[in-house]
Amino acid sequence: MSFQKHASDLFHTMSQMLELTGSDRFRVNAHAKASRIIKDTTVDLEPLARDGDLKAIAAIEGIGKGTAAKLIELAQTGTISEYEALCTKVPIGVMEVLGVQGLGPKTVKLMWEQKGVESIDDLKRILDDGSILELPRMGEKTVENIKASIAFLESSGRRLPIGIAQQVADRFITMLKEAPGTIRVAFAGSLRRGKDSIGDVDILIATTDPDAAREAFTTCDGVMQVLAKGETKCSIRTAIGDSASRWGKDKNAAVQVDLRMVDEPNWGAALLYFTGSKEHGVRLRERAISMGMTLNEYGLFKDASSEADFKKMPPQTRGIEPIACASEEAIYLALEMPFIPPTMREDRGEMKLTEPIHVIELEDIKAELHSHTMASDGKMTIEESAAIAKARGFHTLAITDHSQSSAVAGGLKPHRLCEHIKSIREANTRIDGITLLAGSEVDILVDGTLDYDDDLLHALDVVVASPHAGLRAKPKQATKRLLKAIEHPMVHIIGHPTGRLIEQREGLSPDMNEIIAAAIEHHVALEINSHWMRLDLRDTHVRAVVEAGALISINCDGHHPGDYDNLIFGVLTGQRGWLTAERCINTWDAKKLHGWLKSKR
DNA sequence: GCCGTTTTCGGCCCGACTGTTTTCAGTCG
């Protein structure tokens with residue numbers, strides 16, 4: 001595990017332990033925030049911490065001298081004394097109990113202190129023998145909810161890949177559009193922000209008939225449990241359904257879906273609020289206060305009232321008219337900020353922007369440079385794939401089937417690749433309106449060499465070099481391997497550079513700063529693989545690439561016709577890394593792109 | 001623990017829902 005991931009995990013655990021020991025809540029928050037920033041930052045913390053550079057670390061916003069000192073301690077001694085001290089106070093197993101939905105620090109602390117609950121198994125014990133009912137504020141209904149939450153956690157507690165969450169959201173949106181009285185319906189939350197994995201699906205609806213929406217939502221097919229059913233908010237757990245088979249083995253997979261009912265005139269304020277992130281929302285509300293205003297899900301209010309008792313009532317209930325609420329754009333404008341796209345709302349520096357950043361959009365993509373056909377493990381012919389790419393308005397499609405070492409993927413032996421190149425060239429003469437390029441997704445072997453000899457590589461228009469095996473290698477070895485591929489003069493793109501699979505396989509952890517520096521030096525583009533199981537590079541890597549000024553290539557890695565629809569997830573990942581169109585080679589016009597590809601021949 | 005266009009001290013976002021409460025605490029996002 002990388003130093004930063006490890007440090008981030010430690011701070012997260014410390015934050016929970018502080019909460020359980022009744023520490024000052026602002027201190028708890030500061031630790032949680034530090035955990036998030038350590039995970040997200042593009043600053044390489046390990047060398048700074050090893051050198052004891054307190055000043056440089058504390059210069060990162062949200063990281064102060066206290067946290068910086070602990071990071072240095074971690075790098076130099078291997079642990080943090082505050083963490084060790086907390087471990088003697090709080091059994092580590094108590095933290096897993098905090099993961100049960102509906103149980104917060106107060107309740108978990110009570111269970112731990114009064115009933116000796118130090119694990120989920122202990123919790124099950126006091127549920128089974130009924131002694132949980134001896135705790136204050138604990139009744140039959142709460143007990144049932146806890147049992148359901150444990151079952152949820154054990155069956156499918158993990159986060160959903162965005163591709164699956166999107167299917168769930170689309171299903172509910174289609175259903176709610178049919179409900180009587182619906183004016184508008186949309187998904188919000190982390191799904192709208194394009195995160196690579198989604199904890200729960202948020203749906204927003206404006207309707208003249210809330211009762212109908214509530215009924216439709218809580219009684220539709222697949223609903224396993226209704227968690228809340230209130231005036232403005234409903235929560236359910238639903239089976240994932242058809243999508244589960246595509247996802248993998250877990251047919252019992254479930255996900256929580258929240259429905260928020262809002263008034264149409266406040267749509268923008270509600271959408272902004274429920275899109276989050278929580279941290280971005282906090283920053284916005286702080287900014288509003290500093291400007292003498294109040295921001296909530298009903299709007300942005302000029303709130304000069306200083307009466308303390310008035311302050312206790314939200315402005316909308318005091319008859320104050322919002323100065324902005326209809327659209328997100330209006331609210332950002334009133335806050336004197338540029339519009340921040342949903343994908344950038346993570347409190348990763350966007351609050352400091354004075355000018356808008358025009359991040360890449362789906363429509364900017366004009367070429368697909370990584371696709372498979374029936375020649376290897378794809379399910380499309382060259383012609384089928386070309387027709388789809390053409391229909392999407394692409395000017396170029398590169399056919400890049402697997403190389404010989406990927407035996408399970410039907411990788412092509414050299415003589416078959418030669419025949420395949422001929423087929424692609426022949427198809428290119430036959431098919432109008434799109435340029436077909438002959439390429440290959442060439443394995444980067446464990447030692448960093450490529451899977452075909454240079455003569456054969458030279459015959460290809462596009463070389464996507466990707467790691468497929470040996471994905472458990474140590475960071476140093478992984479860095480060396482990828483660097484060797486980047487330095488190869490005939491490589492255009494490094495495909496899914498880390499080989500991670502979301503929620504399934506961590507993949508490689510190379511030194512991204514070294515990788516990016518080499519990519520710049522050797523004019524190699526790093527891929528954002530758009531498949532929702534991969535999204536590799538991930539958002540924070542893209543941000544580092546963008547800051548350093550390297551090139552990105554966003555590709556579908558299509559095997560099935562439907563895989564072209566995954567492109568949006570790659571684009572959203574790019575946006576999350578603040579990627580602009582000009583840094584992405586797939587947005588270039590044909591002349592520029594083909595010229596760049598030929599420069600490596 | 002962090003931070004500063006009043007501040008190195010004294011603040012630190014806002015509202016909804018549930019369950020067990022007879023007026024509200026705990027949790028969530």
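All values derive from a computational prediction rather than experimental measurement. Letters go in sequence order (proteins before strands), and every chain restarts at 1.
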Open item on the list: Looking at A:Tyr273 and B:dG29, is any side-chain donor or acceptor paired with a base atom of the opposite kind under 3.5 Å?
Closed with: yes
Open item on the list: Without decimals, in angstroms, what is the distance between A:Leu284 CG and B:dC13 P?
Closed with: 13 Å
- [ ] Could you tell me whether the phosphate oxygens of B:dT18, OP1 or OP2, come under 4.0 Å of any side-chain nitrogen or oxygen in A:Asn145?
- [x] no
Task: Distance between P atoms of B:dC13 and B:dC3 (Å, rounded) - done: 14 Å
Task: A:Arg260 (side chain) donor-acceptor with A:Thr232 (main chain) under 3.5 angstrom - done: no
TODO: Could you pick out which residue, A:Asp258 or A:Cys234, lies toward the 5' side of DNA chain B when each is mapped onto its nearest nucleotide?
DONE: A:Cys234
Task: Closest nucleotide among B:dG1, B:dG29, B:dT20 to the A:Asp24 side chain - done: B:dG1
Open item on the list: More than 12 heavy atoms of other residues, nucleotides or ligands under 6.0 Å from CD of A:Glu140: yes or no?
Closed with: no
- [ ] May I ask you to verify if any side-chain N or O of A:Thr107 is less than 4.0 angstrom from the OP1 or OP2 atom of B:dT27?
- [x] yes
TODO: Report the distance from atom NZ of A:Lys233 to atom P of B:dG29, rounded to the nearest whole Å.
DONE: 7 Å
Open item on the list: What's the gap between B:dT23 and B:dT18 when it is taken at their C1' atoms, as a whole Å value?
Closed with: 15 Å
Open item on the list: Applying a 4.0 Å non-hydrogen cut-off, can you work out what A:Lys141 is touching in the nucleic acid: base, sugar-phosphate, or nothing?
Closed with: sugar-phosphate
Open item on the list: Students often get this wrong, so: under 4.0 angstrom with heavy atoms, is A:Lys70 touching a base, only sugar-phosphate, or nothing?
Closed with: sugar-phosphate
Open item on the list: Just to be sure I understand the rule, does A:Asn29 reach a base, reach only the sugar-phosphate, or reach nothing, if contact means heavy atoms closer than 4.0 Å?
Closed with: nothing
- [ ] Name the residue closer to the 5' end of DNA chain B, choosing between A:Ala228 and A:Glu286 according to the nucleotide with the nearest heavy atom.
- [x] A:Glu286
Open item on the list: Less than 4.5 Å apart, side chain to side chain, heavy atoms only: is that true for A:Glu503 and A:Pro161?
Closed with: no
Open item on the list: Taking 5.5 Å and 30° as the limits, would you call A:Phe26 and the base of B:dC2 a stacked pair?
Closed with: no
Open item on the list: I need the CD-P distance between A:Gln256 and B:dC17, as an integer number of Å.
Closed with: 14 Å
Task: Parallel, tilted or perpendicular: rings of A:Phe339 and A:Tyr332 (30°, 60°) - done: perpendicular
TODO: Find the distance A:Lys147:NZ to B:dG19:P and express it as a whole number of Å.
DONE: 15 Å
- [ ] Describe the nucleic acid contact of A:Phe274 in one word from base, sugar-phosphate, nothing, applying a heavy-atom distance below 4.0 Å.
- [x] nothing
Task: Rounded P spacing from B:dA16 to B:dG11 in Å - done: 27 Å
Open item on the list: With salt bridge (charged side-chain N to carboxylate O under 4.0 Å, His left out) as the test, pick out the partner of A:Asp539 among A:Lys39, A:Arg348, A:Arg193.
Closed with: A:Arg348
Task: Minimum-distance nucleotide (side-chain atoms of A:Thr142 versus B:dG19, B:dG15, B:dC17) - done: B:dG19
Task: Whether A:Glu346 side chain and A:Ser277 backbone form a donor-acceptor pair below 3.5 Å - done: no
- [ ] Determine the contact category for A:Ser277: base if any of its heavy atoms lies under 4.0 Å from a base atom, sugar-phosphate if only primed atoms, P, OP1 or OP2 are that close, otherwise nothing.
- [x] nothing
- [ ] Can you figure out which of B:dC3, B:dC17, B:dG29 approaches the side chain of A:Thr232 most closely?
- [x] B:dC17
- [ ] For A:Pro136, answer base if it contacts any base atom (sugar-phosphate contacts may also be present), sugar-phosphate if it contacts only those atoms, and nothing otherwise; contact means non-hydrogen atoms under 4.0 Å.
- [x] nothing
Task: OP1 or OP2 of B:dC2 under 4.0 Å from side-chain N/O of A:Thr67 - done: yes
TODO: Look at all strands and tell whether A:Gly189 reaches a base, only sugar-phosphate, or nothing, counting heavy atoms closer than 4.0 Å.
DONE: nothing
Task: Rounded C1' spacing from B:dG10 to B:dG15 in Å - done: 25 Å
TODO: Select base, sugar-phosphate, or nothing to describe what A:Leu295 touches, counting heavy atoms under 4.0 Å on all strands.
DONE: sugar-phosphate
Open item on the list: Base, sugar-phosphate or nothing for A:Glu144? Non-hydrogen atoms, less than 4.0 Å.
Closed with: nothing
Open item on the list: Without decimals, in angstroms, what is the distance between A:Lys352 NZ and B:dT5 P?
Closed with: 10 Å
TODO: Would you mind reading off the distance between A:Met261 atom CE and B:dC17 atom C1', rounded to a whole angstrom?
DONE: 12 Å
Open item on the list: Counting the atoms with a prime plus P, OP1 and OP2 as sugar-phosphate, which does A:Lys33 contact under 4.0 Å by heavy atoms, base, sugar-phosphate, or nothing?
Closed with: nothing
Open item on the list: If you count heavy atoms of other groups shown closer than 6.0 angstrom to NZ of A:Lys106, is the number above 12?
Closed with: no
TODO: Could you work out the separation of B:dG26 and B:dT20 based on their C1' atoms and round it to a whole Å?
DONE: 12 Å
Open item on the list: Rounded to whole Å, please give me the gap between CZ in A:Arg287 and P in B:dC13.
Closed with: 16 Å
Task: d(CG, A:Leu227; P, B:dC28) in whole Å - done: 11 Å
Task: Minimum-distance nucleotide to A:His31 side chain [options: B:dG1, B:dC14, B:dG29] - done: B:dG1
Task: Identity of whatever pairs with B:dC9 - Watson-Crick or G-U, under 3.5 angstrom - done: B:dG4
- [ ] Please name the pair of heavy atoms, one in A:Asp40 and one in A:Thr540, separated by the smallest distance, quoted to 0.1 Å.
- [x] O-CG2, 3.7 Å
